[in-house]
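Here is the structure we will look at.
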Amino acid sequence: MKSSRSDLVRLALDGHRVVVDGSKSLPGRGAWLHPDPDCLALALRRSSIGRALRCAGADASGVTLPGA
């Protein structure tokens, strides 16, 4: 499903840790995700966040979506 950028949450790397980029302006690659816990769970299960950020060792275990 496609959505406009304003409807999505951007994830970015802080070292090897994945963080929510609330300002949507952190440097580097970003992974865009629907602000839905099910979407985050699916991305974690498929290991797609690390692939999107091109960082195999990305730790997305501590990611919590705003409002979730």
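Quick note: residue numbers are just sequence positions, from 1. Since this is a predicted model, take the numbers as computed values, not measurements.
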Completion exercise
Residue set satisfying side-chain contact (heavy atoms from CB on, under 4.5 Å) with A52, at least two apart, ordered chain then number -> A31
Handout entry: Given L8, L40, V20, the one that forms side-chain contact (heavy atoms from CB on, under 4.5 Å) with L33
Key = L40
Problem - Where P35 and L65 come nearest, the two heavy atoms and their spacing - result: C-CD1, 3.8 Å
Practice task
Answer whether the closest heavy-atom distance between the side chains of V19 and L26 falls below 4.5 Å.
Solution key: yes
Exercise for the section: Can you run down the salt bridge (charged side-chain N to carboxylate O under 4.0 Å, His left out) pairs that involve residues 36-58, sequence neighbours left out, and say none if there aren't any? Expected result: none
Fill in the blank from the handout: Taken in chain and number order and not counting sequence neighbours, the residues that satisfy side-chain hydrogen bond (donor to acceptor under 3.5 Å, both in side chains) with S3 are H34
Exercise for the section: Provide the full list of salt bridge (charged side-chain N to carboxylate O under 4.0 Å, His left out) pairs with a residue in residues 8-23, sequence neighbours left out, each pair given once. Expected result: R10-D21, D14-R17
Problem - Counterpart residues, side-chain hydrogen bond (donor to acceptor under 3.5 Å, both in side chains), relative to S4 (two or more places apart) - result: S6, D7
Practice task
Assess whether side chain to side chain contact (heavy atoms under 4.5 Å, CB included) is satisfied between V63 and L11, documenting all intermediate values.
Solution key: CA-CA 9 Å; V63 173; L11 303 177; 4.0 Å; yes
Handout entry: Nearest non-hydrogen partners of A58 and L13, listed with the distance
Key = CB-CD2, 3.8 Å
Exercise for the section: Without swapping roles, check the side chain of K24 against the backbone of R5 for a donor-acceptor pair under 3.5 Å. Expected result: yes
Fill in the blank from the handout: OG (S61) and CG (L44) are apart, to the nearest 0.5 Å, by 8.5 Å
